[in-house]
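Following: one structure in structure tokens, then a few remarks.
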Amino acid sequence: MWTGTRRRHQGSACAAEVELAEIGVPDFGLPSAEPSVPTATYQARLAAAADAAVAAGLDALLVYADREHFANLAYLTRFDPRFEEALLILVPGRAPVLLVGNEGVAYAAVVPSGVDVIRYQSFSLVNQPRAESKRLPSLLAAAGLGGAGAGRNGAAGSGARRVGIAGWKYFGPDDEDEAADWIEVPAYLVSVLRGLGCEPVNASALFVRPGSGLRLINDIDQVACFEFAATHGSAAMRRMLLAVRPGMTEFDAFSQFRPIGLPFSYHPMVLSGERAALGLASSSGRELRRGDPMSAALGYWGSNIARGGFLAASAADLPAAVSDYVDKLVAPYFACACEWYETIGIGVTGGELSALVRRRLGDPFFGVQLNPGHFIHLDEWPSSPVWPGSDVVLRSGMALQLDIIPATGTAYHTTNIEDGVALADEAARAQLAERYPAAWARIGRRREFMADQLGIRLKPEVLPLSNLAGYLPPYWLAPGLAMRKN
């Protein structure tokens, strides 16, 4: 599982707290069977979404999805558009209706029973057949949308008028004045709704608002699915860290991930040298050199595994100007990450997590700009409860990502240790242990490793989902050499 002896790193600015040690790269095994969310759960989610819409004063709820913005729809129906668009229509007293494009019809077999699937060909790719489906106003009116009188294109409207539309995000005064009225789905859809006499409003907050969003409290089956994804994602990162060498290209290094076919939650990458600062770029044919700054990230649905460091075996391989990389950047960063891990728990507020990171890494050198922690789901960042002064209370069922990313903008590059955790109260833990004993055993071994080898002691309700949780190797040519808390 792990082997090695401690090797104290001398001279660190945080020497009283952390050290560099020969630990060995952890391996807690892989799941033999993939969990799944039962059909009854999807049906319950559809009912809950309809109830939430009514409670919000809406007459109907539409959920729009495309290739990049699929998570709300997939959460409700198991269906995600692969390269088309889709629209779910929820009207009280009526069966849910899902409009899909030509090539979504066969895939819509994954949708739970009770949802009417209708082909709307304009959701298909350009120049595909269009002649066999009804016009959008007629489809919406038939599903129960529209105000009194006749809609455009002859579609009669006698149904729901105040219609919530959920895309993937909502807006407020921090964005612009009157931004709460913005709707982030295609203009043609909003135009057709208005033509039917509807009043469209942004309803994405129903799913992702911190503290109340439907998608932010996960059942045990969903947590098990996230653990499956994070376990395989962290195994991929482990393979890459053990295999990467100077002389490889970024493409070669990326190939060491050996992804298994699960859908990605974002664009995975391995970057090196001057390209590492690009952050979101794709891997390239650039040849890796000893001493290069490195960044790597891979996320399957429900997970994100990311690491940053240098292609080096020790400080001797670093550029001379950053020979104190571990002292100046990695040690204070890891000390902060340890406190984050030991602080997070049920009843903690997002503001508390934000405050500890500002206290630890508030110096402009560290360049921590984004929220130091966020929710994770099928999409990598549905929203975040972590900001200065946030009073959002963390609850059982939440899945969150440690996402503290220094952006120094200097030759020190960055250091990064991104993995996810789930929060589970005693009853939820017992349920997970009973229904998914192998996952529960892996979680227990991770907690033991974090405590005994890394010095990170988690609260009982904190469940690490990744095999690499807490594991930070600054030198990628010595991946068994990692940070630990004294």
Residues Leu370, Asp403; criterion side chain to side chain contact (heavy atoms under 4.5 Å, CB included); working and verdict:
CA-CA 8 Å; Leu370 301 181; Asp403 191 8; 5.6 Å; no
Go through the steps to decide whether Tyr42 and Thr77 satisfy the test side chain to side chain contact (heavy atoms under 4.5 Å, CB included), and finish with yes or no.
CA-CA 6 Å; Tyr42 287 104; Thr77 68; 5.7 Å; no
Could you walk me through whether Leu88 and Phe79 satisfy the side chain to side chain contact (heavy atoms under 4.5 Å, CB included) test, starting with their C-alpha distance in whole Å, then the side-chain angles of each, then the deciding distance to 0.1 Å, before giving a yes or no?
CA-CA 10 Å; Leu88 178 68; Phe79 180 91; over 6 Å; no
Take Leu378 and Ser265 through the test side chain to side chain contact (heavy atoms under 4.5 Å, CB included) and record every step on the way to the result.
CA-CA 6 Å; Leu378 303 175; Ser265 58; over 6 Å; no
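Ring planes of Tyr188 and Phe123: tilted class, angle from 30 to 60°. A tilted orientation is assigned to the rings of Phe228 and His232, their planes being inclined by 30° to 60°.
A donor-acceptor pair under 3.5 Å is formed between the side chain of Asn371 and the backbone N or O of Val386. No donor-acceptor distance shorter than 3.5 angstrom exists from the side chain of Gln369 to the backbone of Ala407, with no hydrogens or angles considered. Under the 3.5 Å distance criterion, the side-chain polar atoms of Gln401 are left unmatched by any main-chain donor or acceptor of Ile376. The main-chain N or O of Lys328 is never found under 3.5 Å from a side-chain atom of Tyr333 such that the two would form a donor-acceptor pair. A donor-acceptor pair under 3.5 Å is formed between the side chain of Asp59 and the backbone N or O of Arg162. With hydrogens and angles ignored, the 3.5 Å screen pairs no side-chain donor or acceptor of Glu380 with any backbone N or O of Tyr266. No donor-acceptor pair closer than 3.5 Å links the side chain of Asn218 to the backbone N or O of Met398. Counting only distance, with no hydrogens or angles, the side chain of Asn202 and the backbone of Trp182 share a donor-acceptor pair below 3.5 Å. Of the possible donor and acceptor atoms, none in the side chain of Asp391 sits under 3.5 Å from a partner among the backbone N and O of Gly351.
Taking 4.0 Å as the cut-off between side-chain N and carboxylate O, Arg484 and Glu19 count as a salt-bridged pair.
Each of Trp168, Trp301, Tyr64 was checked for a ring-ring contact (aromatic ring centres under 6.0 Å, His included) with Phe70, and the lone residue meeting it is Trp301. In summary, of the residues considered (Tyr325, Phe366, Phe365), a ring-ring contact (aromatic ring centres under 6.0 Å, His included) with Tyr412 occurs for Phe365 alone. Of the residues Leu402, Ile404, Ile405, the one that meets the side-chain contact (heavy atoms from CB on, under 4.5 Å) test with Glu418 is Ile405.
Remark: the Thr39 side chain and the Arg78 side chain contain an N/O donor-acceptor pair separated by less than 3.5 Å. A side-chain donor-acceptor contact under 3.5 Å links Arg446 and Thr231. Under the 3.5 Å distance criterion, with hydrogens and angles disregarded, a donor-acceptor pair is assigned to the side chains of Asn72 and Arg215. With no hydrogens or angles considered, no side-chain donor-acceptor pair links Thr343 and Glu352 at under 3.5 Å.
Here the CE-CG distance, from Met269 to Leu298, works out to 10.0 Å after rounding to the nearest 0.5 Å. Rounding to the nearest 0.5 Å gives a distance of 4.0 Å between CZ of Phe226 and CD of Gln222. Here the OG-CD1 distance, from Ser466 to Ile305, works out to 3.5 Å after rounding to the nearest 0.5 Å. To the nearest 0.5 Å, atom CG of residue Leu30 and atom CZ of residue Arg442 are 7.5 Å apart. In this structure, the separation between CZ on Arg209 and CZ on Phe375 is 12.0 Å, given to the nearest 0.5 Å. In this structure, CG on Leu73 lies 6.0 Å from CG on Leu98, to the nearest 0.5 angstrom.
Inter-residue side-chain proximity for Leu463 and Trp440 is flagged as met; some heavy-atom pair is nearer than 4.5 Å. Asp27 has its side chain within reach of Arg238: a pair of non-hydrogen atoms, C-beta onward, lies under 4.5 Å apart. Tyr300 places a side-chain heavy atom less than 4.5 Å from the side chain of Phe264. Between Trp340 and Arg360 the shortest side-chain heavy-atom distance does not fall below 4.5 Å. Taking 4.5 Å as the limit, every side-chain heavy atom of Met294 sits out of range of all side-chain heavy atoms of Phe310. Under the 4.5 Å side-chain criterion, counting only non-hydrogen atoms from C-beta, Leu353 is in contact with Leu394. Residues Pro473 and Leu481 fail the side-chain proximity criterion, which asks for heavy atoms closer than 4.5 Å. Using a 4.5 Å heavy-atom threshold, the side chains of Glu342 and Lys485 count as touching.
The shortest heavy-atom contact between Tyr341 and Asp419 is OH-CB, 3.9 Å. Taking all atoms of both residues into account, the shortest heavy-atom contact from Pro210 to Leu216 is CA-CD1, 3.9 Å. Across every non-hydrogen atom of Val392 and Gly211, the tightest pair is CG1-N, 3.8 Å. When all heavy atoms are compared, the tightest approach of Val462 to Leu458 is O-CD1, 4.0 Å. Heavy-atom minimum distance, Pro332 versus Leu361: O-CD2, 3.8 Å. What you find for Pro26 and Leu468 is that their closest heavy atoms are CG-CD2, 4.1 Å.
The environment of Arg395 atom CZ is sparse: at most 12 non-hydrogen atoms of other residues, nucleotides or ligands sit within 6.0 angstrom. The number of heavy atoms from other shown groups lying within 6.0 Å of CG (Asp363) is above 12. Summarising the local packing, CD of Glu274 is surrounded by more than 12 heavy atoms from other residues, nucleotides or ligands at distances under 6.0 Å.
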